[in-house]
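Remarks on the structure that follows.
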Amino acid sequence: MKARITADQHLLDSNRRSEWKQKDAWRTLRILSEFVDGFDTLSDIDRAVAVFGSARTKPETPGYALAEEVGAALAKEGFSVITGGGPGVMEAANKGAAEAGGESIGLGIELPFEQGLNGYVDIGLDFRYFFVRKTMFVKYAQAFIVLPGGFGTMDELFEALTLVQTKKVTQFPVVLLGTAYWGGLVDWLRGRMLEDGMVNPADVELMLVTDDVAEAVAHIVAGCNTKPGSGGDAAMPS
Ligand SMILES: C/C(=C\CNc1ncnc2c1ncn2[C@@H]1O[C@H](COP(=O)(O)O)[C@@H](O)[C@H]1O)CO
């Protein structure tokens with residue numbers, strides 16, 4: 001299959017400086033329209049949790065089953081489930097949510113290879129720009145649950161932690177699901193990174209690490225300060 005050039009690639013390509021003046025100003029209009037579409041489509045979400053994890057997790061594996069369980073548990077608690085709309089953990093979480101009668105949302109991304117949203121998405125959007133899509137995850141979810149994954153998952157996790165650490169978002173629980181997978185990273189964060197003074201002790205406590213889906217959901221219910229039917233409204237911290 002032939003890889004196509006994506007909008008992100010065009011924007012970030014530093015080899016065609018001659019095009020920057022002429023094309024980038026116009027490109028901002030496309031970026032703006034992506035924000036407008038996202039805000040327009042997603043603003044009616046009551047309350048939601050974003051579920052992240054590997055695009056490579058196969059159906060019929062424990063990781064897929066775990067993500068399905070997460071999607072279903074969140075739906076039963078009245079949360080919409082937002083994922084990246086792709087395969088693997090994203091598909092499984094959307095499936096769990098949809099089959100439990102919840103709202104299943106997929107925010108897809110244009111990739112060099114044709115993909116499309118997974119078949120369990122009720123409300124779907126396809127983004128050309130990664131950074132626009134990432135804004136939507138943080139804006140419309142009140143918490144993140146992160147299952148095992150690769151670079152994409154790490155990017156989403158560390159963006160959330162940075163936003164919480166810098167208080168750009170408040171009352172935003174982050175749960176790492178899968179102690180065997182996350183343990184090594186968490187030990188390093190709480191060991192080397194903390195010992196070398198790269199973070200504060202409070203920073204490394206920003207996430208809950210667990211294997212228990214019920215504990216994950218209870219942590220989110222306790223920490224995100226929105227009630228079902230509140231339209232996501234909560235008192236702003238002073
Ligand atoms: C690599 C494969 C498919 C890629 N398709 C994706 N579709 C949607 N979102 C994706 C995709 N790949 C990565 N993402 C985002 O990053 C996270 C997963 O990345 P990881 O590197 O696999 O951990 C995920 O949460 C998405 O938001 C295989 O068919």
Side-chain angles (χ1 to χ4, degrees), residues 1-9 12 34 37-38 41-42 45 48-71 74 79-98 104-163 169 172-178 180-186 207 209 216 220:
M1 194 194 297
K2 194 170 176 296
R4 66 171 165 212
I5 299 176
T6 64
D8 262 329
Q9 246 173 304
L12 301 172
E34 250 185 26
D37 280 350
T41 306
L42 302 173
I45 296 173
V49 174
V51 180
F52 298 111
S54 175
R56 298 158 201 254
T57 302
K58 299 274 177 263
E60 322 280 333
T61 62
Y64 193 97
L66 182 66
E68 262 189 89
E69 188 187 338
V70 170
L74 290 168
F79 289 104
S80 301
V81 171
I82 307 179
T83 77
V89 163
M90 297 169 267
E91 177 185 289
N94 285 131
K95 180 170 189 265
S104 173
I105 300 162
L107 308 182
I109 183 73
E110 180 196 37
L111 293 170
F113 296 98
E114 200 62 55
Q115 177 189 265
L117 295 167
N118 71 63
Y120 299 98
V121 166
D122 304 323
I123 299 174
L125 275 173
D126 255 317
F127 290 86
R128 281 193 276 210
Y129 296 100
F130 251 112
F131 62 93
V132 179
R133 174 183 185 250
K134 285 170 75 178
T135 302
M136 303 298 153
F137 285 128
V138 178
K139 183 171 175 66
Y140 293 104
Q142 282 82 60
F144 282 2
I145 296 187
V146 191
L147 281 83
F151 288 169
T153 303
M154 296 297 159
D155 177 47
E156 286 151 353
L157 166 63
F158 282 102
E159 179 179 51
L161 292 176
T162 306
L163 291 170
V169 294
F172 197 96
V174 177
V175 178
L176 300 185
L177 205 56
Y181 188 79
W182 293 113
L185 176 69
V186 171
M207 63 223 139
V209 192
I220 287 171

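Just so you know, ligand 1 is whichever comes first in the structure, and atom 1 is the first atom listed for that ligand. These numbers come from the heavy atoms of this one structure, side chains and all, not from hydrogens, waters or symmetry mates.
Contact annotation: for L111 versus ligand 1, heavy atoms closer than 4.0 Å belong to the side chain alone. Contacts between E110 and ligand 1, counted as non-hydrogen atom pairs separated by less than 4.0 Å, are absent for every part of the residue.
Residue contacts with ligand 1 include G53, since one or more of its heavy atoms lies under 4.0 Å from the ligand. Residue contacts with ligand 1 leave out M154, since none of its heavy atoms falls under 4.0 Å from the ligand.
Between the side chain of D8 and the backbone N or O of F130, at least one donor-acceptor pair lies under 3.5 Å. Looking at D122, its side chain never comes within 3.5 Å of a backbone N or O of I105 through a donor-acceptor pair.
Counting atoms of ligand 1 from 1 in the listed order, those under 4.0 Å from a heavy atom of G149 are 23 (O). The atoms of ligand 1 that sit less than 4.0 Å from any heavy atom of G150 are 20 (P), 21 (O), 23 (O). Remark: ligand 1 atoms within the under-4.0 Å shell around heavy atoms of S54 are 22 (O), 23 (O). For ligand 1, the atoms lying closer than 4.0 Å to a non-hydrogen atom of T153 are 17 (C), 18 (C), 19 (O), 20 (P), 23 (O). For ligand 1, the atoms sitting less than 4.0 Å from at least one non-hydrogen atom of P87 are 3 (C), 5 (N), 29 (O), numbered in the order shown with element in parentheses. Under a 4.0 Å criterion applied to the non-hydrogen atoms of F52, ligand 1 contributes the atoms 25 (O).
Taking CE of M207 as the start and CH2 of W182 as the end, the distance is 9.5 Å to the nearest 0.5 Å. In this structure, I145 CD1 and L157 CG are separated by 13.0 Å, a value rounded to the nearest 0.5 Å. Taken to the nearest 0.5 Å, the CZ atom of F144 stands 10.5 Å off from the CD1 atom of I220. Note that CG of L66 and CG of L147 are 5.0 Å apart. Values are rounded to the nearest 0.5 Å.
In terms of protein heavy-atom proximity, atom 21 (O) of ligand 1 is closest to G152 N, 2.9 Å. Atom 8 (C) of ligand 1 has as its closest protein heavy atom G84 O, 3.4 Å. The closest protein non-hydrogen atom to atom 9 (N) of ligand 1 is R133 NH2, 3.1 Å. In terms of protein heavy-atom proximity, atom 6 (C) of ligand 1 is nearest to Q115 OE1, 3.3 Å. For atom 12 (N) of ligand 1, the closest heavy atom belonging to the protein is A55 CB, 3.6 Å. Of the protein's non-hydrogen atoms, the one nearest atom 10 (C) of ligand 1 is M90 CE, 3.6 Å. Remark: minimum distance from atom 17 (C) of ligand 1 to any protein heavy atom is reached at E156 OE1, 3.3 Å.
Residues V49 and V175 are not in side-chain contact: their nearest non-hydrogen atoms beyond the backbone lie 4.5 Å or more apart. Between I123 and I45 there is no side-chain heavy-atom pair separated by less than 4.5 Å.
When the shell of 6.0 Å around NZ of K134 is examined, it contains more than 12 heavy atoms from other residues, nucleotides or ligands. More than 12 heavy atoms of other residues, nucleotides or ligands lie within 6.0 Å of CZ in R4, so this atom counts as buried by the packing criterion.
Just one of E91, K58, K95 meets the side chain to side chain donor-acceptor pair (under 3.5 Å) condition when paired with Y64; it is E91.
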